[in-house]
Amino acid sequence: MTVRGQREGASLVLEGIGVSPGYAIGRAHLVDRHRVRVPKYHLSPGGLAGELDRFNQALTASEDQIQDIKGKLQSAGEEQVLILEAHQLMMRDDMLVEGTRQLIREQNINAEWALKKVVRSIKQIFDNIDDEYFRERRSDVDFVGDRILRNLLGGAPPSLSQVGHSAIVIAHDLSPADTAFLMRTAVLGFATDVGGKTSHTAIMARSLELPAVVGLERITEVVGTGDVLVLDGMRGRVLINPSPAEVHRYQREQMIYSARRARLDETRHEPARTKDGVNVRITGNIELPEEAQVVLEYGAEGVGLYRTEYLFMNRDTLPDEQQQYEHYRVVVERSGAHGATIRTLDLGGDKFIEPLKGHRELNPVMGLRAIRFCLREEGIFRTQLRAMLRSSAHGNLRIMLPLISSVDEIWRTKAILDDCRRQLADEGHDMAPEVPLGIMIELPSAAATADLLAREVDFFAIGTNDLIQYTLAIDRANEHVAHLYRPLHPALLRMVAFVVRSAHDAGIRVSMCGEMAGEAIYVPVLLGMGLCELSMNTVSIPIIKSVIRSVSVAECQALFRQVRDMVCADEIETKVREAVYHMLAGTDAAEVVNPGLPPESTPT
Ligand code: PEP
Ligand code: MG
C-alpha cells in the first residue's frame, strides 16, 4: 500500500489495485475479522488482581464458545471436532495461559498486550520447528489468541450481517462467499488489505457492479467504522475523511462516469461487429441464475460461463439434484436462443464452502480443485451432471469442465455423463438429444496439448485468470505479486494463439472467458489472434461491444503480427496501449476506458 500522507488541504490517500470500476462516496463499515487492534497500557496501582480476573473470564468465555460450536457441529467430520478440541487444549496450555499471567504480573501491562506478546513468541517457536505440520499450527495459535482477545475486548467476532445499506465495507479480506452475501445488503463498494485483480472476490465485485479496491495492505488499521471515504475503483485509491472540496470533485467525477456509462448503455444492443464486418459473439459470465437475464439486458448473446459453485456457498448443506436442476433450468431458459455454458463445480483454490470445510489443504490452488475434486467425490459430481442433463430439456445447454489437465479427465467425465444419461432416460426424464461438452483451457498442460484435446470435445473456453496464474506462477489473490500479472507476457500470447489455432484446425468453437476478455485494452490483440467469442462480466459488455465496433480485424491482425515476436511483456504492453489508444481515439469507449493513458492525479 502506498500512503500518500496529508497533502495540502487534502485527506489521506491510500493506493491499492482498482479491481472494479466506478466511485463510491460514503461511510466506512469495518469488518475486521483478521486483525484486532490491541490496546497497550500499564496497569494503574492496585489494578493487577482485576486484570488477572478479566483474563480468566475471557478464557472461560472462549472455551464456552468453542464448546458451543462443537455442540452445533454434531454432523461434522471427526477432523473438525479434533481441531476444536485442540483449540480447547491450547486454551489450557501453560505456555499460553501462565505465560500471559506472568507477563501481566511482571510487566504490569494489560491482558491484551501481554497475550499478544505471548502469542507472538509461541508462533516464533513453531516457525523454528523444521516440520511442516508444526509450522502450519501457527494459524491455530492465531485463532485461539484472536478469540481470547476478542473476548477481552468485549466484542463478538464481527459478522457481515451487521453491515448496513450504503456503507463502504472495509475488510482485511473478503471471501467470494462473503462478497456474494454482501450483494444482498446493497453496500456501495469495498476495499480490502489483500487480493489481486483476478481473485474471485474481485470478479464478484465486477459482476455486482460494486466499485472495489484491493491490495491496500493496511487499510483496516487506518480506517474505522464511520469514517467518510471516497473509493475510486478506476485508479485504485481510497481517500479517508476527504475535505468537502474533494468530495465535491469526486461527486462530479461520479456523475461524468455515470453519464458516459449511460451513453454506452444506449448502444449496448447494437451488434458487436467490427468496422470490416466481422461479428464477434459476446456472452456473459454469471455467478447467480438471476444474472442470466441481466447479461442479455446488457447486450450479451447468452451465457458463456455460469460458475455453479456459488450455488453451493452460504449454506449449511449441499444442494440436492432437484434444487440444482431448478437453478440450471432458470439459467438455460433465461439465456435465450444462444443458450448457456454451465460449468461443473470449481471448488477449491480460493473458493470454499461450509459443508466441505474439512478439506483443508496446504496449497489449495494446486490441490484437489475443480474437476479433480469432482472426480474424487463422484457422488457430488453425478448429482450435478444429472441436474444439468435434466435442465437441457428446457433450452440450449453446453456443459463445461474446469481445470482440465489431461485427456483422461475428459474420458472419465464422458463415461460418467453417459451413465447418468442412461439412468435418467430409464427413469423417464426428458433431455436434449445432444449436449455439447467443452473444457476450460486454464493450465499450461492443457494449452500445450490443445491440438490433442480439441479432438475430444466440442468447444474450448480459455480461462486466462488461471492460465496466467499457473503459467507465470503468480497467486491471483496475492497483492504482493499482482504487478507480475501480465496478460501480454509472450508466453501467454503464444499459448492463447496456439489454443485458438488448434480449435480452428479441429473445427470446434473457442472462446475466452477469463477477465482478460473483458478488458478493452486486450481485446484488439485477441481479435488479431482470431478469437471471435468473448465472455465477460456484465459491466464490461457494453464497453467491449463499443470497442469492437471501433476497430477492424485487419488492423488487429496487423497489431498482433507486430507484437507476437517481441520478447518482453513491457514492450508488448506499451505497443498495444499506443495502438489501442489510436484505434479508439474519439469514441465513447475511449472516454470510459482511457486505454492509452490511464487517468492520473486526482480529478480536478
Ligand atoms: C479463469 O480461470 O479464467 C476462469 C474464467 O475461471 P475462474 O475465474 O472461475 O477460475
Ligand atoms: Mg479458472
Side-chain angles (χ1 to χ4, degrees), residues 19-20 175-177 179-180 195-208 214 282-288 291 295 300 303-313 340-353 364-374 398-405 409 438-447 450 459-478 485-487 489 492 495-496 499-500 510-519 522-523 526 531 533-538 540-541 544:
V19 294
S20 183
S175 69
T179 321
K197 195 156 193 165
T198 58
S199 65
H200 283 96
T201 304
I203 291 172
M204 196 70 184
R206 286 193 284 277
S207 326
L208 301 174
V214 304
I282 300 293
T283 52
N285 293 350
I286 65 169
E287 281 81 40
L288 305 166
E291 290 177 287
V295 294
V303 170
L305 165 65
Y306 169 31
R307 293 181 165 100
T308 55
E309 50 279 4
Y310 284 85
L311 176 56
F312 290 63
M313 290 178 184
T341 302
I342 303 191
R343 183 173 74 180
T344 59
L345 258 185
D346 183 3
L347 285 176
D350 63 348
K351 286 175 287 196
F352 302 99
I353 57 171
V365 172
M366 300 279 198
L368 203 58
R369 190 189 152 183
I371 190 73
R372 304 163 181 195
F373 169 83
C374 287
R398 296 171 291 274
I399 295 180
M400 178 155 78
L401 310 175
L403 216 76
I404 289 292
S405 62
E409 290 159 337
I439 58 170
M440 294 205 57
I441 304 287
E442 302 178 280
L443 294 178
S445 54
F459 64 92
F460 283 163
I462 305 171
T464 45
N465 306 337
D466 278 314
L467 189 57
I468 295 171
Q469 160 165 267
Y470 292 112
T471 302
L472 303 182
I474 40 168
D475 179 347
R476 58 195 268 193
N478 180 340
Y485 171 83
R486 307 302 289 272
H489 189 290
L492 264 304
M495 279 190 190
V496 173
V499 173
V500 174
V510 55
S511 69
M512 178 178 283
C513 60
E515 293 301 291
M516 185 179 184
E519 287 206 43
Y522 303 129
V523 167
L526 300 178
L531 261 171
E533 224 178 300
L534 304 172
S535 192
M536 63 202 67
N537 62 76
T538 322
S540 299
I541 295 168
I544 298 302

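Note that ligands are numbered from 1 as they come in the structure, with each ligand's atoms numbered from 1 the same way.
Side-chain contact between Met516 and Ile462: absent, with no pair of heavy atoms (C-beta onward) separated by less than 4.5 Å. By the 4.5 Å heavy-atom criterion applied to side chains, Arg343 and Met440 are counted as neighbours. In this structure the side chain of Lys197 reaches within 4.5 angstrom of the side chain of Glu519, judged on heavy atoms. A 4.5 Å side-chain heavy-atom check between Glu409 and Leu401 finds every atom pair outside the cut-off. The closest side-chain heavy-atom distance from Met400 to Ile439 is not below 4.5 Å. Under the 4.5 Å side-chain criterion, counting only non-hydrogen atoms from C-beta, Leu403 is not in contact with Asp346. Residues Tyr306 and Thr341 fail the side-chain proximity criterion, which asks for heavy atoms closer than 4.5 Å. Leu492 has its side chain out of reach of Arg486: every pair of non-hydrogen atoms, C-beta onward, lies at least 4.5 Å apart.
For Val295 against Asn285, the heavy-atom pair with the smallest separation is CG1-O, 4.4 Å.
Shown in contact with Asp346 at under 4.0 Å from a heavy atom are these atoms of ligand 1, numbered in order with element: 10 (O). Ligand 1 places these atoms under 4.0 Å from at least one heavy atom of Arg476: 2 (O), 7 (P), 8 (O), 10 (O). Interface atoms of ligand 1 facing Asp466, defined by a heavy-atom separation under 4.0 Å, are 1 (C), 2 (O), 3 (O), 10 (O). Atoms of ligand 1 found under 4.0 Å from any heavy atom of Leu305 (numbered from 1 in listed order, with element): 5 (C). Those atoms of ligand 1 that come under 4.0 Å of a heavy atom in Gly463, given as number and element, are 1 (C), 2 (O), 3 (O). Residue Ile203 has at least one heavy-atom neighbour below 4.0 Å for each of these atoms of ligand 1: 8 (O). Heavy-atom proximity to Arg307, at under 4.0 Å, picks out these atoms of ligand 1: 4 (C), 5 (C), 6 (O), 7 (P), 8 (O), 9 (O). Ligand-side atoms of ligand 1 in range of Cys513: 5 (C), range being under 4.0 angstrom from any heavy atom.
With a 4.0 Å heavy-atom cut-off, ligand 1 is reached by no atom of Leu467. For Gln469, no heavy-atom contact with ligand 1 is shorter than 4.0 Å. With a 4.0 Å heavy-atom cut-off, ligand 1 is reached by the side chain of Arg369 but not by its N, CA, C or O.
Among protein heavy atoms, atom 7 (P) of ligand 1 sits closest to His200 NE2, 3.2 Å. Among all non-hydrogen protein atoms, the one lying nearest atom 6 (O) of ligand 1 is Arg343 NH1, 3.0 Å.
At distances below 3.5 Å, not a single donor-acceptor pair connects side-chain atoms of Arg476 with backbone N or O atoms of Gln469.
Scanning for side chain to side chain contact (heavy atoms under 4.5 Å, CB included) contacts around Ala517 gives Met512, Leu534, with sequence neighbours left out. Residues satisfying the side chain to side chain donor-acceptor pair (under 3.5 Å) criterion with Ser540, sequence neighbours excluded, are Asn537. The side chain to side chain donor-acceptor pair (under 3.5 Å) check on Tyr470 picks up Arg369, with sequence neighbours excluded.
Legend: protein N/O/S atoms lying under 2.8 Å from the Mg ion (ligand 2), waters omitted, number 2.
Residue Glu309 has no nitrogen or oxygen atom sitting less than 3.5 Å from a nitrogen or oxygen atom of ligand 1, judged on distance alone.
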